[in-house]
*Asks:* 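This is the structure I have questions about; it appears just below.
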Amino acid sequence: MNKAYNFAFFDEGSKREIRRATLKAIAIPGYQVPFASREMPIGRGWGTGGLQLTLSLIGKNDVLKVIDQGSDESVNAVSIKKLVSDTTGVVATEHTCDATLIQSRHRIPEVPLTKEQILVLQVPIPEPLRFFEPSEHETKKLHAEKEYSGAWLMLFEQIMNYGTMTTDADHPVMVQDRYVMAPSPIPRFDNTKMDHCKALILLGAGREKKVYAVPPYTKVVSLAFDDYPFKGESFENKHCRLCGADDVFLDELIDEEIGESYYLCNDTSYCLEMINEKKLAGVK
Amino acid sequence: MTGYERPVLSVKHLNKQYGRGCLKCVNKASLLKNYCPSCGTVYACQDISFDVHPGEVVGIVGESGSGKSTLMKCLYFDQEVTDGEAYISVYENGEKNLFQQSAQQKRYIRNNVMGKVYQNPLLGLKMDFSSIGNIAEKLISAGNRHVKMMESRGIELLDKVNIPVHRRKEAPKKFSGGMQQRVQIAKALSNNPPLLLLDEVTTGLDLSVQASVLDLIKELQRELNISIVLVSHDLSVIRMLADRTFVMLEGKVIEEGLTDQILEDPQASYTQQLVHSML
Ligand SMILES: Nc1ncnc2c1ncn2[C@@H]1O[C@H](COP(=O)(O)OP(=O)(O)OP(=O)(O)O)[C@@H](O)[C@H]1O
Ligand SMILES: [Mg+2]
Ligand SMILES: [Zn+2]
């Protein structure tokens, strides 16, 4: 542990201030709370929003997991883990079920989260209406008046142009029948995991200085039209080549040798757990 | 005339000032035109009252700065009035002052019982969204959540305003000025509103394009029997469309009457100038 820093990098005052914003966010599900985003030893846009939440929350007894697009081992995930454990001494895990605090970019783990866990998602663009309305002053008014035509209009445009709702990621959701929220660039497949999730979900945007939350057991509904219902990515008749899972989010890869595509779990730690489980079952 | 029917829109004592006013201008005696030289307040609309009857086209004519656009902005809630009342027969049985409704109610009124066409299409359209999306926006705002219904309504309207239907997915920024105004008109009509507000719809367009847009408005008005408030600084536009006309000068209505009457026998000297300059 590097003694040149405070526990969890920030001074206590800063952490308290972030936690205060977080509490407000939890009290108003889906509402974007501004906070004084701090300078970090990693560049903005590299998860500083999520990292600040993690650092403000972490205690000595926490077990941390960091994932970047499904992988625990990407450079980004590793450097975030290193910063947190260097300044806290907290151990990291790759097992979702062992973690108390999970910071993630662009995925919600496949293992269902529990009420003992907190999921922190990194957010690049917190405002779901930004493309429709560039002015922050105006979008604030739209949220206040629950005027979300713009969010539906963006989906309508996608249907007109591509025949389907093509949001690959960050498909807007209605939280507890009140605020429309950007779930961060998770695939649509993960949107459904947010609904009535047992864990607390916090979302942090460093560059845009916003934090928002989905408290445990909150109703989260993906926006859709009467005649164009919401659908997650479908992997029908496909399964992971390594572990065989067919009910998870899969990445499509190309086997260069035979020139055919195959699929792998995007959540690599889940995949490993599945493989190990099978091995154990085989040994028995 | 339809003078005995209940008005679709009734405006009473509408005032709009930009600025807080001061002791010198409180009784409006010392104004320079509509402007207070000591505090800078502009009295853009002063004590405006009028009714619009079912199927009637009311014209508002006046020179630049006379307060026409301000009046239209107030009626569409783009600007807040300083004071005054307005009633729409189809909203709360015409018994509730529109200006005193909540922001959400005002949105409801805008999206369900009114349509507006702006002089500047940038204000009325999302230039980067598709044309059909622009029409759908108003339908969505009014609560529609059915894509196919909105799409077919959009196609029907684009056809009505003579935009080739195969261009429906193009953004208005790719369209000519006349086409942009047609898209605005289609959007304004999308929810079958009983009242249409048109602010200088043809200003800035080529003469031949002007004529075709005015013809379109005339046809639609006859077909749909919609009530229209039409603002223009151009008396020939007013002559072509308006049944009754109000003449505004420096924020006040100085003359009103049947359009033909005003053209034939203008009373106020300003109106006389206006009529003579047109001839
Ligand atoms: N946002 C504003 N703030 C201050 N003054 C304004 C504002 N908008 C308009 N005005 C003033 O109010 C008066 C009426 O303006 P308005 O735009 O209503 O005139 P108009 O009759 O529509 O003119 P035009 O024919 O040029 O469109 C003018 O003196 C104008 O300078
Ligand atoms: Mg004007
Ligand atoms: Zn004054």
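Chain letters run A, B, ... following the sequence lines, proteins first, then strands; residues in each count from 1.
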*Asks:* Among the options A:Met160, A:Lys146, A:Glu157, pick out the one with the most heavy-atom pairs lying under 4.5 Å from chain B.
*Replies:* A:Glu157
*Asks:* Less than 6.0 angstrom separating the ring centers of A:Tyr148 and A:His143, yes or no?
*Replies:* yes
*Asks:* Quick check for you: among B:Arg107, B:Gln104, B:Lys169, which has the greatest number of heavy-atom pairs under 4.5 Å with chain A?
*Replies:* B:Arg107
*Asks:* What part of A:Ile159 gets within 4.5 angstrom of chain B, counting heavy atoms only: side chain, backbone, both, or neither?
*Replies:* side chain
*Asks:* What option among B:Asp128, B:Ile132, B:Ile140 has the most heavy-atom pairs under 4.5 Å with chain A?
*Replies:* B:Ile140
*Asks:* Cation-pi between B:Lys16 and B:Tyr18: NZ/CZ under 6.0 Å from ring centre and within 45° of the ring axis?
*Replies:* yes
*Asks:* Is the distance between the ring centroids of A:Tyr263 and A:His239 less than 6.0 Å?
*Replies:* no
*Asks:* At a heavy-atom separation under 4.5 Å, does B:Lys148 approach chain A through its side chain, its backbone, both, or neither?
*Replies:* both
*Asks:* Could you tell me how the ring of A:Phe131 sits relative to the ring of B:Phe129: parallel (under 30°), tilted (30 to 60°) or perpendicular (over 60°)?
*Replies:* tilted
*Asks:* Chain B heavy atoms under 4.5 Å from A:Glu145: which part of the residue, side chain, backbone, both or neither?
*Replies:* both
*Asks:* Could A:Arg107 and A:Asp190 be called an ion pair, given the rule that one side-chain N must be under 4.0 Å from one carboxylate O?
*Replies:* yes
